[in-house]
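Just the heavy atoms: all of them, side chains too, but no hydrogens, waters or symmetry mates, feed the values below.
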Amino acid sequence: MSDQPLLLPYADPAFAADPFPFYRQLCEEGPVRRAVIVGGLEAWLVTRYEDGLAALRDPRLSSDVRDASDPRLLRRLPATERESMLSTMLRADPPDHARLRRLVSKAFTARRVAELRPRVQAITDGLLDAIVRTGRADLVADLALPLPVAVISELLGVPTMDRYEFQRWTDDMILRGPEPPDPAVVDGAWQHMRAYLVKLLEAKRANAGDDLLSALIIARDEEKRLDEDELIAMAFLLLVAGYITTVNLISGGIAALLAHPDQLQLLRDDPALLPDAIEEFLRYDGPVNPGIARFAREDVEIAGVRIPRGATVLVASAIADRDPARFPEPDRLDITRRDNAHLAFGHGIHYCLGAPLARLEGQVAIGSALRRLPDLALAVPPGELRWSSGGLRGPERLPVTFTHGFTPDGTGPAAPA
């Protein structure tokens, strides 16, 4: 194996469309590989499942980017608000991580999320009503994006009229392609986002509601369990993380089904397979790609490879979730797969807090779309779909056609206008 770091070909359209042949070769070559990733940053890729699982629960690998030796990682955060952006539970290590997570964990328990199902279904039905009337749609813009945006906004208490603004600012900050966002654009977007969040929190202080942000304000002002920077950072994290990957789960799941007609028919014939199908979508082509970053607090050995203190370790869940040592026939989409403990939601103390909500939204959105649009088909050849790459993965657009649709309860046709 060469001592030179491997350059991941993010800018190659073929890689963006299907990175898995490249990943397969990488996994076969060895369990750990030094690589140049997005923006010229260097990381150690952990490509095999068991090694990735161990790395995600290793306390020597930190979530705090301040433990990284490469100063460019900090410079990618908004310069004027760097400390605020580092005050989220996503980047915190114990004991701060547990303190911050406890403040919001009750809102995302399986029981609480199950109570949201009727509202998630109602939002989905409204979006599909509009789609059915047209006879043609982009299932990213018309379903996969607006559903999780609406759900997290209602959960947090964000007014309907403001949702487009925070979504636009998020798009300016989030890594979606082979090159990192322009630092000036990121700074500008964060300034707008922070100003908006400060104004929203002030409004909720004056008139608290039955929402998660109001509860966090009580934790800040009355119980003193977080400071003002942490409050703003928490609001930002919940707002953005509450929708950004679920968009790709929904759109990527539908794209996978349309590319595999046998699996699509299997799911149509047996809708009870939907929960297993969601897990398989997450394993087969998950929304985070290639994986989850950690930073070595000290010299660490992974699979016999010494990784120096301060190095970035990228647990490549997208590669590990197709490790043939863990998953039989890993490159085959199989919605009946049962033993499917993928790493798409992470592992350990940082396991995705919003996983139950993402699963619910994926089940409702995909299940409802298949039930109401019985002859759903891609409007373009699969090879013409453009995929985001470099951190998040999903189709940028998902144009589809259908000849007729059904009412939400499936009892009668709803002809397109």
Side-chain angles (χ1 to χ4, degrees), residues 1 6 8 15 18-35 37 43-61 63 245 248-249 252-253 255-257 259-260 262-263 266-267 273-294 296 300-307 312-352 355-356 358-359 362-363 389 391-394:
M1 183 184 298
L6 175 73
L8 295 187
F15 177 81
D18 182 9
F20 297 103
F22 183 91
Y23 287 165
R24 187 181 311 115
Q25 180 179 351
L26 194 60
C27 187
E28 290 170 355
E29 289 177 353
V32 179
R33 181 68 184 270
R34 190 161 58 108
I37 57 175
W44 294 82
L45 297 182
V46 180
T47 63
R48 296 181 185 171
Y49 182 89
E50 292 298 334
D51 299 320
L53 198 66
L56 288 173
R57 58 189 178 214
D58 190 333
R60 298 172 300 172
L61 297 178
S63 295
T245 53
N248 292 340
L249 167 58
L257 287 173
H260 297 81
D262 61 324
Q263 300 297 296
L266 192 60
L267 187 55
L273 288 171
L274 190 53
D276 290 330
I278 294 296
E279 300 310 308
E280 180 68 347
F281 301 149
L282 288 162
R283 182 203 69 83
Y284 179 78
D285 196 355
V288 177
N289 191 306
I292 305 161
R294 295 290 185 264
V300 176
E301 186 174 296
I302 299 178
V305 178
R306 178 187 169 277
I307 297 173
T312 299
V313 176
L314 194 62
V315 178
S317 54
I319 307 177
D321 281 342
R322 293 203 185 191
D323 182 351
R326 176 61 182 82
F327 300 101
E329 298 183 90
D331 294 323
R332 183 169 71 90
L333 182 72
D334 178 8
I335 66 169
T336 68
R337 196 184 296 268
R338 292 291 190 268
D339 182 13
N340 209 352
H342 56 74
L343 300 180
F345 286 132
H347 182 72
I349 64 170
H350 283 280
Y351 183 82
C352 178
R359 287 183 167 113
Q363 290 175 27
S389 67
L392 297 175
R393 175 168 167 79

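- In this structure, the separation between CD on Gln25 and CD on Glu29 is 5.0 Å, given to the nearest 0.5 Å.
- Between the Thr47 side chain and the Pro31 main chain, a donor and an acceptor come within less than 3.5 Å of each other.
- With contacts defined as side-chain heavy-atom distances shorter than 4.5 Å, the pair Arg283/Arg326 does not qualify.
- The nearest pair of heavy atoms linking Leu6 to Phe22 is CD2-CZ, 3.8 Å.
- Between Tyr23 and the options Asp323, Asp18, Asn289, a side-chain hydrogen bond (donor to acceptor under 3.5 Å, both in side chains) holds for only Asn289.
- Of all heavy-atom pairs between Gly52 and Leu343, the closest is C-CD1, 4.4 Å.
- To the nearest 0.5 angstrom, Arg60 atom CZ is 9.5 Å from Ile307 atom CD1.
- Within the 4.5 Å cutoff, side-chain heavy atoms of Ile292 are placed close to those of Leu56.
- Between Leu249 and Ala358, the shortest heavy-atom distance links the atoms CD2-O, 3.6 Å.
- Geometric assessment of Arg337 against the ring of Phe327 yields a negative cation-pi assignment under the 6.0 Å and 45° thresholds.
- When side chains are defined from C-beta on, Asp276 does not count as touching Asn340, because their heavy atoms never get closer than 4.5 Å.
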Between Val32 and Asp51, is the side chain to side chain contact (heavy atoms under 4.5 Å, CB included) condition met? List the steps. CA-CA 9 Å; Val32 179; Asp51 299 320; 5.6 Å; no

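- Side chains of Arg332 and Tyr284 form no contact here, defined as non-hydrogen atoms less than 4.5 Å apart.
- The main-chain N or O of Thr336 is found under 3.5 Å from a side-chain atom of Arg338 such that the two form a donor-acceptor pair.
- The only member of Leu274, Ile278, Leu267 that meets side-chain contact (heavy atoms from CB on, under 4.5 Å) when paired with Ile335 is Leu267.
- Checked by atom type and distance alone, the side chain of Arg393 never pairs as donor or acceptor with a backbone atom of Pro290 at under 3.5 Å.
- For the pair His350 and Ser63, the tightest heavy-atom approach, listed with the atom from each and the gap, is NE2-OG, 3.1 Å.
- Side-chain contact check for Asp321 versus Pro330: every heavy-atom pair is 4.5 Å or farther apart.
- Going from atom CG of Leu314 over to atom CZ of Arg294 covers 10.0 Å, rounded to the nearest 0.5 Å.
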Assess whether side chain to side chain contact (heavy atoms under 4.5 Å, CB included) is satisfied between Leu333 and Phe281, documenting all intermediate values. CA-CA 8 Å; Leu333 182 72; Phe281 301 149; 4.2 Å; yes

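- Contact check for Leu8 versus Leu45: side-chain heavy atoms found under the 4.5 Å cut-off.
- The two residues Pro59 and Arg57 make their nearest non-hydrogen contact at CD-O, 3.4 Å.
- In this structure, the side chain of Ser317 does not engage the main chain of His342 through any donor-acceptor pair within 3.5 Å.
- The two residues Ile37 and Ala43 make their nearest non-hydrogen contact at CD1-CB, 3.9 Å.
- In this structure, the side chain of Glu280 engages the main chain of Asp334 through a donor-acceptor pair within 3.5 Å.
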